[in-house]
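Working notes for the structure below.
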Amino acid sequence: METDNLRLSNYEHGLDTLKMKLNEMFSLSLEAFEKSSKSLETLDAKMAESVISGDDEIDNLKRKIEEIVYEILLRFHPLASDLRRVIMVMKIASELERVADQAVNIAQVAQFLEGKTLIKPLVDIPKMVQIAKEMLRGAMQSYFEEDVELAKKIWLMDDEVDTLDRKVADDLEEIVVKRCSKETISQAERLIIVSRAIERVADHSTNVCEETTYMILGKELYTLL
Amino acid sequence: MDVELKIENLSVYFGQKQILDSISFEIPTKSITAIIGPSGCGKSTFLRTINRMNDRFDDFHSKGSIIFDGKDVLSADYPVEELRRKIGMVFQKPNPFPKSIYENVVFGLKIHGVKERSVLDEVVKSSLEAASLYEQVKDKLSMNAYKLSGGQQQRLCIARALAVKPEILLLDEPTSAIDPLAAKQIEEVLEQISKEITILIVTHNIQQAARIADYIAFFYMGKLVEFGKAEKLLNAPDEKLTDDYLTGMYG
């Protein structure tokens, strides 16, 4: 269904259009995150480049979603749960756009590291990627299926990622202290950026869980735990 | 939150028919409370019960109380004239008297025995100013009020109600019979005067409630479903019935 230049006929039509665009944005953001982590693991600069060049499409989708949200607000003045549904699409679109930005950060590190011998094999970072991907998928599933229990479950997974993020930072700090070379510091600095980027993807996923819960119940997620 | 009116277990009947069913809530002072709900939910009856407009119907009777200044306004010994001075009312259609603008504004004061010209002049000026009408009519106060536009007539009615210095102003869909620009002017007047007096407004226009109300009460089939701060009730109401009403408008 093409929505450009198509006047929204009613609120439901508008919301369906938004959900469709959000789903498209979710697929692209998840793909960007998957590809960026893959490009880091394989040190594939070409794959990393495709993540960076694909970011514009995601940004454009976010802008399109905002346009539709403004149109719905102007035409239909939604209230209560209808209003929350529209506003939360816009907020979740922002989370996804930032996930894609983090994918770009990871891809840029992959480009930098291509052809280099890593100061440390990637062990914890792939683990973090796995959890963050599961969180992002679960958070968006909770949104599309309006499943508060799933949102709560995913939200609680964030601690695992935070713990691994701290461990990566500690390990790299130790390596830098032991081998105080320019190359070591340079790589460590970038791997910390990667770890932090994955941690942020997990944070955006928890935000989606919170936004989904508020959309469904009108209550903050933390009050339900 | 200071309370201006305390509604306690209020039920209202016309003959055998129950119009309001055990309504209880507290209306905060110097704020705008909007009463919303579908047609026939009892919101206008509620408003009219507060200043005893229903007394003239033989089959009207009520239970419960409306406490104002520590007294129950529904008790038989509460002086209705005094009540209506303290609690003014503006109706859906502008209803100026077939008199001059000046005479319309001072009508209530004269009934209460105020005759001194300088006092009346001052009240006319301040009341018309409060209703954002003074600048438009100051040079034609002797003109018949019927010559004013619909929106101006409604603002004159607000000025007339304000002239007797009420503590509460009740408004029953005050903008439904006038154009959107005139309605906007009245909304601005209400927001301004709510700094000094308590306003209770019945409206079918949810967007109007969203624009001006500090608090909203949602009535459905004679019952109060939910009362709360406007932002909360319009965004995340506690009751499913409220949500259904607010979202059902697009069905």
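Everything quoted here is computed from the prediction, not taken from an experiment. Below, chains carry the letters A, B, ... as their sequence lines are ordered, and counting in each starts from 1.
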[atom1] of [X]: more than 12 outside heavy atoms within 6.0 angstrom?
X	atom1	result
Gln136(B)	CD	yes
Asp2(B)	CG	no
Lys86(B)	NZ	yes
Glu34(A)	CD	yes
Lys133(A)	NZ	yes

Inset, instruction - Tell me the residues of residues 209-239 of chain B whose non-hydrogen atoms fall below 4.5 Å from those of chain A, in number order. - result: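 Residues Leu234(B), Asn235(B), Ala236(B), Pro237(B) are the ones that qualify, each having a heavy atom under 4.5 Å from chain A.
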Legend entry - Closest approach of Thr247(B) to Asp82(A) (non-hydrogen atoms, all atoms of both residues):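 For Thr247(B) and Asp82(A), the tightest heavy-atom pair comes out as CB-OD2, 3.1 Å.
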Inset, instruction - Spell out, as yes or no, whether a donor-acceptor pair under 3.5 Å connects the side chain of Asp243(B) to the backbone of Ala80(A). - result: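 Checking the backbone N and O of Ala80(A) against the side chain of Asp243(B), no donor-acceptor pair under 3.5 Å is found.
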Legend entry - Members of residues 217-225 of chain A whose heavy atoms come closer than 4.5 Å to chain B: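 If one takes a 4.5 Å heavy-atom cut-off, the residues of residues 217-225 of chain A near chain B are Gly218(A).
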